[in-house]
Amino acid sequence: LGELFGSLGLSGKESLEIIVGYHGCGEVAAAWLTGLALPEDRVRTYAIPAGGGIPANWQAGLERARGRHVFIIGDDDRFAPGGLAAMLAE
């Protein structure tokens, strides 16, 4: 997740909301995700109960989203340098 968040290039993109959902994580991963909500109020985390898999996680994230556009990415995804900025410029 650290690599994913590093690839986002969030500087100057204060209008973005980031919602991170997790289930089945160990205590260390859950604590790391929860810690993300502390420095920036635009980063929100949530835990979902076991069962339902990825579809349930995505649905829970969509229900929490407040923005006009939604982009779902997995923990193993990365953005190329400038990739997020290019998508937002469209």
Side-chain angles (χ1 to χ4, degrees):
L1 283 175
E3 289 178 22
L4 169 61
F5 275 80
S7 77
L8 291 175
L10 296 176
S11 178
K13 297 175 184 68
E14 286 74 23
S15 64
L16 290 180
E17 170 188 43
I18 300 168
I19 303 169
V20 180
Y22 60 93
H23 75 88
C25 294
E27 291 181 15
V28 173
W32 189 87
L33 288 170
T34 301
L36 290 177
L38 298 176
E40 301 183 49
D41 62 354
R42 64 186 172 146
V43 179
R44 295 185 294 133
T45 63
Y46 66 91
I48 62 168
I54 292 173
N57 194 356
W58 288 353
Q59 183 62 40
L62 291 172
E63 290 169 0
R64 288 165 172 78
R66 299 177 289 205
R68 181 174 170 197
H69 303 284
V70 175
F71 185 68
I72 297 174
I73 55 178
D75 62 345
D76 57 349
D77 295 328
R78 304 293 180 270
F79 282 90
L84 181 60
M87 288 188 343
L88 294 172
E90 293 296 319

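Numbers here are sequence positions counted from 1.
The shortest heavy-atom contact between Ala56 and Ile48 is C-CD1, 4.1 Å. Between Ala65 and Val70, the shortest heavy-atom distance links the atoms CB-CG2, 4.1 Å.
Both Ile73 and Met87 are part of a single hydrophobic cluster, where members link through side-chain heavy atoms under 4.5 Å apart.
Considering only residues two or more places apart in sequence or on other chains, Ile54 meets the side chain to side chain contact (heavy atoms under 4.5 Å, CB included) condition with Trp58.
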